[in-house]
Amino acid sequence: MVALPTVCVGSVFAFTDDGLVPGEGSPLAREFATAAPQTPQTASPRLSPKYGLQNGVSTLVLYDDTAPREFRGEVSAIAAGNLATHFGEAEIVPIREYTSGRMAGFTAVIYVGVSADTVVPQAFVDDVRAATVPVIWLGANSDTLAQSPSGGESFAAQYGWSPDAPLDVTSKDLTKLRYKGQDLPRAHPSDATIWIPGGVQPGVDVVATATCAVPASSAGCRPPSGTGLQSVPWAIRSNNLTYVAEVPLSFIDENGGYLVFADLLSPALAPGRAPVRRAAVRIEDVNPESDPSELRAFADYFAARKIPFQVAVIPILVDHAPGRKAPYALSLSDAPEVVDALRYMQDHGGTLIQHGTTHQYGSLPNPYSGRSGDDYEFYRYGCSATAAPPYRWEPCGSDSWVEKQGPLPDDTIAANRQRLEQGRQAMIDAGLGAPTIFETPHYSASVNAYLAMSGLYDARYEQAEYWPGSLTSAAATPDDAFEQFFPYTVHDIYGTTVYPEDLENPTLTAQNNHPARSAASLVGRAKRNLVVTDATASFFFHPFLKLSMVDEIVTGIQGLGYRFVPVTDLQ
């Protein structure tokens, strides 16, 4: 889920008496607002399948690396591993490489069953049935568990349900989930098979249920006459095995199953953990042309409420003045009043985050205007009249679909690092200190760009993208990226701590086929997050937003029992 680009309006352009815009034609403008030379593309290095927090807690993630690419096995495994790093270390291994006893060295195991054609080794089945390590089984191939070890009891006798007799349900038949007393949305309108467990006996812990659509087409989800609705088991727990009827990693921003899965890791990896309710807030796209009075007003508001806050700073602003062809660029050092306001924010509980270097790229409309804050910086984007391939590229309109086109001309780790360092130095030169936390513009970047970030910053504060081919030799296309938000802090496959932003931002109007997001919708999302043991409610807003709307969100989140903390305190 990539954050929706918010096009800023009402920018202030300062003209001198001779009509020139400050920074127009400057060396900074020539550097950042001209076409970048095409450099030879370098393949991204293979990432380590073992990553995360080394604290003695470890998770083995197993997946099918031979499944067809449309099943997205590799990125699903990476997504599951990323969540597991909230608790410790993850190691991702193809299921075909599993050998007897391998899970014994881990705290827990996740099996990602994306394809019903996967051959699951008998050694893995035997180790699961030995009931020594907690196993979370997602999706397909649960029928292999019925292959009883020689001389052992049947699976039904051991676990209280029948994996070889699942209910016949398709994804579009299920409309919502029920977990921990909350109804959660489930947006997955496809004809894919959902492996609902059959023969569930009394005493089995049904931890989450799914509600059938009416009318339902499949026998397993058909409501009894006159009842109107029917619930079926969606996630169950028995002995060492937690079984989830699907891989809940599609449409994750609208799919409550993702939150359920994220929370199911807690009893497996941190049993007995007490619930945590923490919140964070970030002011977005502050730049050398921001209004200092707006910044001070928000600092005063948060200080009065004793709320720590974050400020996402674009160190170098690039734009074109109205009616002029020459670009201009301003660094923070060119805007002393803005710098004074940022220091004021630091003195009132604000933490500055580096938000890209220019938040745009060269002379390209990427895909909008080329202005800082509007465009992407670390991947190439365009506007399309269609939402899926074949794309029909067009000038951006309010009803266009914003889609990836491919890597930028100089997408190497070295070039990305140089660009990042220039923005970092601009903040240092302005007297604001060296930023230790980074936020990727519009939450989108190539693998090489993410790796450059990991070499410079302690953490990122954002949602993120992950790519197939990171662990294998698979070639990734622009449509293959997996977009992931986190309900808690993780230590991801790029080698960086990632603080969660999981509510997005309030918007006043619809844009690019995304509906407006009201204050109430963000608070509602924070309420859904309460099903997660380590719950986070983290959002951002632009400083042109009315203070009353920000206050409505903050008050609503606090009313749910969350406590605002510095982003570094998010767990």
Side-chain angles (χ1 to χ4, degrees), residues 3 5 8 11 23 26-37 39 282-290 310-320 327-335 338-339 342 352-381 407-462 464-465 494 496:
C8 300
S11 299
S26 66
L28 202 62
R30 291 195 297 272
E31 179 175 7
F32 285 103
T34 56
T39 57
R282 185 180 74 225
I283 304 173
E284 194 82 337
D285 287 350
V286 176
N287 62 71
E289 288 187 338
S290 292
Q310 284 61 233
V311 187
V313 180
I314 304 171
I316 299 171
L317 180 133
V318 176
D319 200 3
H320 288 74
Y328 71 94
L330 298 173
S331 181
L332 285 168
S333 297
D334 299 318
V338 173
V339 171
L342 288 171
L352 304 188
I353 309 294
Q354 183 182 336
H355 188 23
T357 289
T358 66
H359 205 315
Q360 56 81 240
Y361 186 83
S363 59
L364 295 174
N366 195 28
Y368 296 112
S369 65
R371 174 179 166 82
S372 294
D374 289 358
D375 283 11
Y376 293 79
E377 185 170 1
F378 294 102
Y379 206 80
R380 183 76 170 103
Y381 275 77
L408 287 162
D410 54 350
D411 182 40
T412 65
I413 295 176
N416 283 307
R417 182 183 177 101
Q418 180 182 7
R419 187 180 186 94
L420 294 167
E421 287 176 332
Q422 288 171 291
R424 188 171 184 268
Q425 190 61 46
M427 295 183 71
I428 295 171
D429 291 344
L432 298 172
T436 60
I437 304 173
F438 189 79
E439 180 200 347
T440 308
H442 295 325
Y443 298 156
S444 182
S446 67
V447 173
N448 284 339
Y450 281 121
L451 292 177
M453 297 170 203
S454 71
L456 282 175
Y457 305 95
D458 295 339
R460 306 193 318 271
Y461 176 21
E462 58 181 29
E465 291 183 329
Y494 299 129
T496 310

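Residue Ile353 holds its CD1 atom at 8.0 Å from CD of Glu439, rounded to the nearest 0.5 Å. The CD atom of Gln422 sits 12.5 Å away from the CZ atom of Arg417 when rounded to the nearest 0.5 Å. In this structure, the separation between CG on Asn287 and OG on Ser290 is 4.0 Å, given to the nearest 0.5 Å. One finds the CG atom of Asp458 at 7.5 Å from the CD1 atom of Ile437 (value rounded to the nearest 0.5 Å). How far CD of Gln425 is from CD1 of Ile428: 4.5 Å, rounded to the nearest 0.5 Å.
Looking only at side-chain heavy atoms (C-beta outward), Leu317 and Arg371 come within less than 4.5 Å of each other. In this structure, Leu342 and Val311 have side chains that are in contact, with non-hydrogen atoms separated by less than 4.5 Å. For the pair Met427/Leu352, a side-chain contact is recorded, criterion being any heavy-atom separation below 4.5 Å from C-beta on. Residues Leu456 and Phe438 form no side-chain contact, since every pair of their non-hydrogen atoms from C-beta on lies 4.5 Å or further apart. Side-chain contact check for Leu332 versus Pro288: some heavy-atom pair is nearer than 4.5 Å. Two residues are said to be in side-chain contact when any heavy atoms from C-beta on lie closer than 4.5 Å; Phe32 and Ser372 fail this criterion. At a threshold of 4.5 Å between non-hydrogen side-chain atoms, the residues Asp411 and Asn416 count as touching. The closest side-chain heavy-atom distance from Met453 to Thr440 is below 4.5 Å.
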Applying side-chain contact (heavy atoms from CB on, under 4.5 Å), run through Asp285 and His359 and close with a yes or a no.
CA-CA 9 Å; Asp285 287 350; His359 205 315; 3.4 Å; yes

Walk me through it: do Gln310 and Ile283 pass the test side-chain contact (heavy atoms from CB on, under 4.5 Å)?
CA-CA 6 Å; Gln310 284 61 233; Ile283 304 173; over 6 Å; no

Verdict with supporting geometry, Gln360 and Glu377, side-chain contact (heavy atoms from CB on, under 4.5 Å)
CA-CA 5 Å; Gln360 56 81 240; Glu377 185 170 1; over 6 Å; no

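A salt bridge is absent between Arg282 and Glu462; no separation between the charged side-chain nitrogens and carboxylate oxygens falls under 4.0 Å.
Using a 30° and 60° split on the angle between ring planes, Tyr450 and Tyr494 fall in the parallel class, below 30°. In this structure, Tyr376 and Tyr381 have parallel ring planes: the angle between them is below the 30° cut-off, well short of the 60° mark.
Exactly one residue among Asp410, Asp375, Asn366 makes a side chain to side chain donor-acceptor pair (under 3.5 Å) with Tyr361. That residue is Asp410.
Residues Gln354 and Tyr457 bring a donor and an acceptor atom of their side chains to less than 3.5 Å of each other. Between the side chains of Arg424 and Thr357, no donor N or O sits under 3.5 Å from an acceptor N or O. Side-chain atoms of Ser369 and Asp374 form a donor-acceptor pair, as typed in the model, at a separation below 3.5 Å.
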